[in-house]
Each structure stands twice: as C-alpha cells, then as structure tokens.
A.B. asks: 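Please find one structure pasted underneath; my questions will follow.
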Amino acid sequence: MNRDVDILAVVGTRPEAIKMAPVLKALKRRGIVTELVGTGQHHDWQMFGNFLSDFDLKLDHQLTLQSRDLLGSFVHILSGLGELFLQRKPKLVLAQGDTTTVCAAAFAARKTGCAFGHVEAGLRAFSRELPEEEHRICADALADLLFAPTRIAQENLSREHVNGQVYLSGNTVLDALLMHPPRPVPGNAREGILVTLHRQETVDDRKKFSEVLSALGVLARHHQVLWPMHPRARAKMQEHGFELPSNVQVTAPLGHGEFLNKLVAAEAVVTDSGGAQEEAAILGTPCIAVRACTERPETLTAGVGILAGVEKQGIVDAADEVLRNWDAYARPVPHLYGDGRAGEKIAQACGEFLGVTMDAEDSLDLEKVVRLETFFPKPQRRRAGRL
Ligand code: UDP
C-alpha cells in the first residue's frame, strides 16, 4: 500500500457505509484513488460487514476500538485516524453524517494538515442536547467541502457563515436505495407497521423508552408490528428490565435490501432513525418520527410524516392520524433528496478540488435526471384502517 492516495474515506457505522457507498462508486469511476477506513464504531457482521458486502466495499484500513464510551471512542478514533493520516497523507478526508467517527475524522484531518469534506452537511435540530448535533456543528465548522443534502441544510450553513465551500448535492440515501431498489409488493398493497429505534435520546432514557414501548403495545393490538431491533435498543431493554409488548415481532437487524423490502411493504413506519425517515419518504411509507425535534424537517413540510414526540399518547395519536388519513400521507416524494446522483455530484466536486482531470463522459449531465416518479408508484393498502 505505497501508492499515493487522493482521498481517505472514513466510515464507522451502518448508515455511514450505506450513504458513503454511492460516493465511493462515483470516485472509483473517475479513477480518483480512494482508500476506505473503518473506525470500528459498528464492527460486527449484522451492523457493518453486511453493508460493506452489500455495496461491494472493502476496508483498506481498520481501527480497533479499545473503548466504547462516548469520550473513549472519540479519543481512540481521533488518535487512530490522526496516525493513519500522517502515514498515508491523503489530499482529502471524507466522512458522512453525524457520529463520533465524523467529528473525530474532521479534527484528525485538520490537525494533520489534510482537507476535510463532510457529506450530509448542514443538518440542524437546533438542540444542543443531542450529541449528533455537536458532531455536525464541529464537522461543518472544520470542513473545506460541505455537501448539503437539501436546500434547508444549505441555508443552515449559510446562516452559520461556514468557511468551506458549500455544494447542494442531494442526499446519497436516494442513490444508495437506487443501487438495490426494493422489490415491489404485489398490487403495491401495504400492511403492518415497521419499527426501528436506536437513538441514545430514546432508548437510554428509561421513561421515554417505556412510553414508546407502551405505544407499540397499543399499535400491536390491531396491526402487525415488526421491529428489527438495533443492538443498542436490545441492550437497553435488558438494562432497564423491560418486557416486549405482546404481538410485537422482533428480528435481528436486517440487511439493507431486506430492510427496504419491509419498508416498501409497510403501511407506516415508527422510527427515530434519520435514514429510515428519508427512505420512508422516498418509498411513500408514512413516517411517525419518535423524536422531540428533528434535523430532517423535509418530510414534515412535505406532509408525509409526523413528529410524534416520545410520549405514549402522542405516538398513538400520530399513528391514528396517519392511518385514518393514509392516502394523504402515503405519497412517494423522492425529490426531497435530490435526483439520485448525489454521489456523482460529490465525486465531481472532489475531483475538481483535487485538480484531477476527468474524462468528458464522467462530467455530469444535469439534464439527465432519473425519472423518479415512474420509479416509485403511489401505494395502496390492503385494508382501510385505524387504531
Ligand atoms: N437499516 C437496515 N437494517 C435495519 C434497520 C435499518 O439496513 O434493520 C438501514 C436503513 O435502511 C437506513 C439506515 O440503516 O439506511 C439507518 O441507520 P440507523 O437508523 O442506524 O442510523 P441513522 O440513520 O439514524 O443515523
């Protein structure tokens, strides 16, 4: 591994692997020499290896985390990446999202004299209680290149007068979904409720988690409820001594394709996940966001999701509203997240930043957008329902 490297791309968790995959593919197509680093935040097959394999990615470097608490993991990732950057001397470091990995990658890049590019820049929930918000703010403040997924994110960055160059790229979540689109359900008929929960703010808090579980218990009285359980939620269930509400079916975390197949078949999704919220809007699955605030207001303003809060009654009421007025909420709005070419736009901007000459056929044809409306048809449901 002695060749010169243009870009070191850093990924630590499941959503980072998914959303970085389209960028890596587009960089490769342009012949930009990129190496991939795993920080070990997520490390097992179910939460990480599976996703690398799904997108045909291989790690060139893997850090081993000695510590998994918030401070310890930040310090280890920071020093591990710092050493690697000094050794490999990339011209640009890229990281995606809002995890400890992203924040540490931004600092490590700056402290070792590398430029830093932030994919999915500019998201703001305007709550400093969320660790993710601090990661985003730090990463954006330090970035040389900022790839805003939506106009709202771009406006947040311009309000903060960030120093780096801001690009409106779209969100690579759509590109990743199009890399292995879900199987259409026969008759496009939806049934059941899909659940994902993993955020520290939801599952670490005993009271909030118990409220969410009670709400799931109510939903499960009349609907199939399927919950591919994140390891953090599983560990917190045990730690808090909680029982699963009856009729809620739990599985291990699913692979990306499998998860999208469940999402496109569901009547609604109850989630605190950022990526699942975005994919739900793309696929026309109404989203009940179990959050007190969100850095992703796009689905709310588009009228395809509800911010339900984290109390039992709020969640039950939101689900009732969505299920009663299902046709109004069940609308695919993929254009919220761009045209499916965010990875290409990001790679193009990186190439220009690096001064890499690209073949004419690699330059972007902005007119040639994916025909998304024909790709995602309006959903139907198996039976009209309410709670
Ligand atoms: N996901 C998955 N399998 C699952 C649950 C989620 O592949 O069982 C995917 C989902 O499609 C989305 C991403 O994981 O692309 C979201 O990750 P997560 O909820 O862990 O993090 P967040 O998006 O909130 O940062």
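Note that the coordinates shown come from a computational prediction; the quantities given were computed from them, not determined experimentally. First listed ligand is number 1; within each ligand, the first listed atom is number 1. Hydrogens, waters and symmetry mates play no part in the numbers below; they use all other heavy atoms, side chains included.
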A.B. asks: Tell me if a side-chain donor or acceptor on R29 pairs with a main-chain N or O of E344 at a distance below 3.5 Å.
C.D. replies: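 Not confirmed, R29 side chain does not pair with E344 backbone.
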A.B. asks: Of all the non-hydrogen atoms in the protein, which one sits nearest to atom 16 (C) of ligand 1, and at what distance?
C.D. replies: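 It is S273 OG, 3.6 Å.
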A.B. asks: Hey, is R199 close enough to D205 for a salt bridge, meaning N to O under 4.0 Å?
C.D. replies: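 Salt bridge: no.
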A.B. asks: Between E16 and G12, is there a donor-acceptor pair closer than 3.5 Å when you use the side chain of the first and the backbone of the second?
C.D. replies: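 Yes; judged by distance alone, with no hydrogens or angles, the pair exists.
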A.B. asks: Okay, side chain of D6, backbone of T34: is any donor-acceptor separation there less than 3.5 Å?
C.D. replies: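 Not at all, since once roles are kept as given, no pair shorter than 3.5 Å links the two residues.
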A.B. asks: Restricting to ring-ring contact (aromatic ring centres under 6.0 Å, His included), what partner residues turn up for H240, sequence neighbours left out?
C.D. replies: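 F242.
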A.B. asks: Other hydrophobic cluster members with V162, side-chain heavy atoms of Ile/Leu/Val/Met/Phe/Trp/Tyr under 4.5 Å, chained?
C.D. replies: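 So far as hydrophobic clustering goes, V162 is joined with L146, L157, V166.
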A.B. asks: Given that the side chain starts at C-beta and the backbone is N, CA, C, O, which of these parts of H198 lies under 4.0 Å from ligand 1, counting heavy atoms, or is it both or neither?
C.D. replies: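 Near ligand 1, H198 shows its side chain, while the N, CA, C and O stay back.
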A.B. asks: Which protein heavy atom lies closest to atom 21 (O) of ligand 1, and at what distance to 0.1 Å?
C.D. replies: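 For atom 21 (O) of ligand 1, the nearest protein heavy atom is P15 CG, 3.4 Å.
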A.B. asks: Where does R14 meet ligand 1, judged by heavy-atom distances below 4.0 Å: at the side chain, the backbone, both, or neither?
C.D. replies: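 Side chain only; the backbone of R14 stays clear of ligand 1.
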A.B. asks: What is the closest protein heavy atom to atom 7 (O) of ligand 1, and at what distance does it sit?
C.D. replies: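 Its nearest protein heavy-atom neighbour is F51 CE2, 3.1 Å.
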A.B. asks: Number the atoms of ligand 1 from 1 as they appear, then name those within less than 4.0 Å of a heavy atom of P253, with their elements.
C.D. replies: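 Result: 8 (O).
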A.B. asks: What part of I18, side chain, backbone, both or neither, has a heavy atom within less than 4.0 angstrom of ligand 1?
C.D. replies: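 Side chain only.
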A.B. asks: Find all atoms of ligand 1 within a distance of less than 4.0 Å from any non-hydrogen atom belonging to G255, and give their numbers and elements.
C.D. replies: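 Near G255, meaning under 4.0 Å from one of its heavy atoms, ligand 1 has 7 (O).
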A.B. asks: Taking G284's backbone N and O only, do any of them form a donor-acceptor pair with K378's side chain (distance below 3.5 Å, no angle check)?
C.D. replies: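 Side chain of K378 to backbone of G284: no pair is present.
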A.B. asks: Identify, for atom 10 (C) of ligand 1, the protein heavy atom at the shortest distance, and state residue, atom and that distance.
C.D. replies: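 For atom 10 (C) of ligand 1, the nearest protein heavy atom is E279 OE1, 3.2 Å.
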A.B. asks: In terms of atom number and element, which parts of ligand 1 are under 4.0 angstrom from non-hydrogen atoms of P228?
C.D. replies: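 This gives 8 (O) as the contact atoms.
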A.B. asks: I need the atoms of ligand 1 closer than 4.0 Å to a non-hydrogen atom of L254, numbered in the order shown.
C.D. replies: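 Reading through ligand 1 atom by atom, the close ones are 2 (C), 3 (N), 4 (C), 7 (O), 8 (O).
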A.B. asks: May I ask whether R199 places a heavy atom under 4.0 Å from ligand 1?
C.D. replies: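 A heavy atom of R199 does come that close to ligand 1.
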A.B. asks: Assess the side chains of Q46 and R14: does a donor N or O sit below 3.5 Å from an acceptor N or O?
C.D. replies: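 No donor-acceptor contact under 3.5 Å links the two side chains.
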A.B. asks: As an exercise, identify every atom of ligand 1 less than 4.0 angstrom from a heavy atom of G274.
C.D. replies: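 Near G274, the atoms of ligand 1 are 22 (P), 23 (O), 24 (O).
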A.B. asks: Atom 23 (O) of ligand 1: which protein heavy atom is closest, and how many Å away?
C.D. replies: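 Looking at atom 23 (O) of ligand 1, the protein heavy atom closest to it is G275 N, 2.7 Å.
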A.B. asks: Using the six-membered ring wherever Trp is involved, compare the ring planes of H180 and F55 and label them parallel, tilted or perpendicular (cut-offs 30° and 60°).
C.D. replies: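 Plane angle between 30° and 60°, so tilted.
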